[in-house]
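In what follows, a single structure is set out as C-alpha cells and then discussed.
Every chain is numbered from 1, with letters handed out A, B, ... down the list of sequences. Note that the structure is predicted; figures quoted are calculated from it, not measured.
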Protein chains: 2
Amino acid sequence: MQPPEQWVEELLKLNDQDEKMTDKQLRIIQAAVETFSVKGYAASSTSEIAQKAGVAEGTIFRHYKTKKDLLLSIIAPIMSKLIGPFILRDFTKVIDAPYSTYEDFVRAIIRNRLEYARNNLPVIKIFMQEIPFQDDLKKHFKELVSKHVISRVIKVIEQYQQKGALINVPPLSILRFTISAVFGFVMTLLILMPEADWNEDEEIELTIQMIMHGIARSADDQALQNE
Amino acid sequence: MQPPEQWVEELLKLNDQDEKMTDKQLRIIQAAVETFSVKGYAASSTSEIAQKAGVAEGTIFRHYKTKKDLLLSIIAPIMSKLIGPFILRDFTKVIDAPYSTYEDFVRAIIRNRLEYARNNLPVIKIFMQEIPFQDDLKKHFKELVSKHVISRVIKVIEQYQQKGALINVPPLSILRFTISAVFGFVMTLLILMPEADWNEDEEIELTIQMIMHGIARSADDQALQNE
DNA sequence: GTGTAAAGTGAGTAATCACTCATTATTTGA
DNA sequence: TCAAATAATGAGTGATTACTCACTTTACAC
C-alpha cells in the first residue's frame, strides 16, 4: 500500500464529521479509490477492496452502511473542489484584480485545474466514470456548476466584452469554447497521452494563444512572410 | 419496442458474418444497447436485457457466447465508424479538393460527426463509458486513431501551415485544440445541455470562427469601436 | 407429410455478491 | 487494573448473476 497521496489529504480535509479517520478506514478508502478507478464501481467487489486494504470485509460496513455510501464518501467531496476556483471567496479576487485580462484568467484556471487534476487523478476518474449513472449526483453537480461556474464566468465574459477585449458573441458560447479547450488540454496531458513528451509550460501558453487568437494565420502575419 | 433506429441500421450494415439477424437477435441488441447505455455494462443483467427484448434469457446465449461478446458486438463496429471521415478512401478527397481551406475541413468534420453522433448516441455512450475498462478495445482504438486520424490530420495541418493558412506551432497541438473544440461542442449539444436552445447552424459557424480566429477582439475591431 | 436442423425456452446450477451478526480483540476512561 | 465502549473479524446468509442444457417449438428441404 502506497503512502497517502494528495487526494487522500484532500479527503481528510473535507471530512465533514470532524472525526479522525482510523488507519483502517483510510486504507479502505485508498483501496476503494484504486479499485473503483481501475475497474469501475459496479465491477468492484467489497471483498476485493477489503483484501486490498488488508481488513475484514465486515470492517468496511463498520464505517459505511453500504457500498454506495463508500463511493459517495469519495465522490461527493470532490464536486465542490472541482469547481473550487469559482467559489465566491476566491473568485471575487479575480474579477476585481487590476489590469486583469481574460487571458490571465484562463491561464490561472488552466494552471490551477491542471495541478488539481494531476494530484487527484484517480478520484476524478471515478467521478467522471460514475456521474452518468448516479442521477442524484449528476443533478447536484449540474446545479453547482450552473450556480457557481456558468453564471459567474458569464459575468466575467460580459465584462471583458464591454471592455472590448472579447468578441461579441453569446457568452455561453465563449464559455463552452474555453472550457472545451482547457478540458481537452488537461485530458490529453494526463489521461489520453500521458506518455507524450509535452513541454507543459509551452503547451499552456500555446493553448491560451489558440483560445485567444485562434489557429488561422492573420493577414498581417501572412504579409510579413511574403516580404 | 421501438422501430429500428439509425444505429441499428449501422450495426446491420457492419455485420461481418453476412448472415441475416433474426428478429429476436435484433431485439436483444436493441435491449442491450438501451440497458448498457443507461446503467452501464457491469450493472446490466442478462435477465433484464432478455425481459426487455421479450425473449428467454437462454436465447441471448444462443447468439452470443458471453455477455461480454454481446457488448463487443455492439462496441467494436463503432470504432471504425467513429473515425469514419478519416478513412483513406474518403479522406483523400478532402486533401485533394481544390480551394479547400482548413476552415472548410473543420466545418465538414463538425457537421459529419454531429450528424453521426446524433444518430448513434446510445452506442457512443456505451463506448465512452466502457473504453476505460476494456484494455483490448482501448489499445485497438488508440492504434486506429493513431494510424488513421492523427498521422493523417497532421499531414493536412502541415500542408495548411506551408500554405501560410495556419500558425506555426506543433501540428499535434493544433489537432488537439481542434478536436477539443469540436468534441466539446458536440458533447454540449447532445449530452450536457441537450435542453438548451442552441441555434445549431450559428453555433457551428461560431465554433469554427473561434477555432480559426480565437475569442480575443482584434486591434482592428477595437479601433473601429473607438471611432 | 416427414425428418432434420435450427431457434428458442426456462428451470436449474455454481459462483459471486453486499451485507449481517455473534464473537473476539482493542481502546478508552476512571 | 478493570469495565465498558469501540473496533474488527470472518463465517454465514439470502439475493443475484452469467450461463447451461434437456426439452420444445419452429423452419426448412425433400
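Residues passing the salt bridge (charged side-chain N to carboxylate O under 4.0 Å, His left out) test with A/Asp23, sequence neighbours excluded: A/Arg27. The side-chain contact (heavy atoms from CB on, under 4.5 Å) test applied to B/Val106 returns B/Tyr102, B/Ile110, B/Thr178, B/Val182, B/Ile208, B/Ile211, not counting sequence neighbours. For B/Glu200, the side-chain hydrogen bond (donor to acceptor under 3.5 Å, both in side chains) partners two or more places apart in sequence, or in a different chain, are B/Arg118. In this structure, A/Glu158 has no side-chain hydrogen bond (donor to acceptor under 3.5 Å, both in side chains) partners at least two apart in sequence or on a different chain.
Using a cut-off of 4.0 Å between Lys/Arg side-chain N and Asp/Glu carboxylate O, B/Lys139 and B/Asp136 are scored as not salt-bridged.
Look at CE on B/Met21: it is 13 Å from P on C/dG8, rounded to the nearest Å. Straight-line distance from the NZ atom of B/Lys24 to the P atom of C/dG10: 9 Å, rounded to whole Å. Straight-line distance from the CD atom of A/Glu48 to the C1' atom of D/dG10: 18 Å, rounded to whole Å. C/dA11 atom C1' lies 11 Å from atom CD of B/Glu57, rounded to whole Å. Following rounding to the nearest Å, B/Asp23 (CG) and D/dT26 (C1') show an atom-to-atom distance of 14 Å. At whole-Å resolution of the value, CD in A/Gln25 and P in D/dT9 are 13 Å apart. Computed from coordinates, the A/Leu26 CG to D/dA7 P distance equals 15 Å when rounded to whole Å. Spacing between atom CD of A/Gln51 and atom C1' of C/dC17 amounts to 13 Å, rounded to whole angstrom units.
Within the structure, no pair that satisfies the ring pair (Phe, Tyr, Trp, His ring centres under 6.0 Å) test touches residues 54-75 of chain A, not counting sequence neighbours.
Residues of residues 60-71 of chain B that place a heavy atom closer than 4.0 Å to DNA chain C, in numerical order, are B/Arg62, B/His63.
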Would you be so kind as to tabulate the donor-acceptor pairs closer than 3.5 Å made by side chains of residues 184-197 of chain A, with sequence neighbours excluded?
| residue | atom | partner | partner atom | Å |
| --- | --- | --- | --- | --- |
| A/Thr188 | OG1 | A/Gly184 | O | 2.6 |

Residues 36-44 of chain B, side-chain donor-acceptor partners within the protein, below 3.5 Å, at least two apart:
| residue | atom | partner | partner atom | Å |
| --- | --- | --- | --- | --- |
| B/Ser37 | OG | B/Val33 | O | 3.1 |
| B/Ser37 | OG | B/Glu34 | O | 3.2 |
| B/Lys39 | NZ | B/Glu48 | OE1 | 3.1 |
| B/Tyr41 | OH | B/Lys68 | N | 3.2 |
| B/Ser44 | OG | B/Thr35 | O | 3.4 |
| B/Ser44 | OG | B/Gly40 | O | 2.6 |

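Counting non-hydrogen atoms under 4.0 angstrom, B/Thr46 reaches a base of the nucleic acid. At the heavy-atom level, A/Thr59 lies under 4.0 Å from base atoms of the strands shown.
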Strand DNA chain D in bracket notation, Watson-Crick/G-U under 3.5 Å with | for pairs to another chain: ||||||||||||||||||||||||||||||

Checking salt bridge (charged side-chain N to carboxylate O under 4.0 Å, His left out) for the pair B/Glu103/B/Arg107: CA distance, chi angles, key distance, verdict? CA-CA 6 Å; B/Glu103 190 168 319; B/Arg107 183 177 293 111; 3.5 Å; yes

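With C/dC17, C/dG10, D/dA18 as the candidates, the nucleotide lying closest to the side chain of A/Ser45 is C/dC17.
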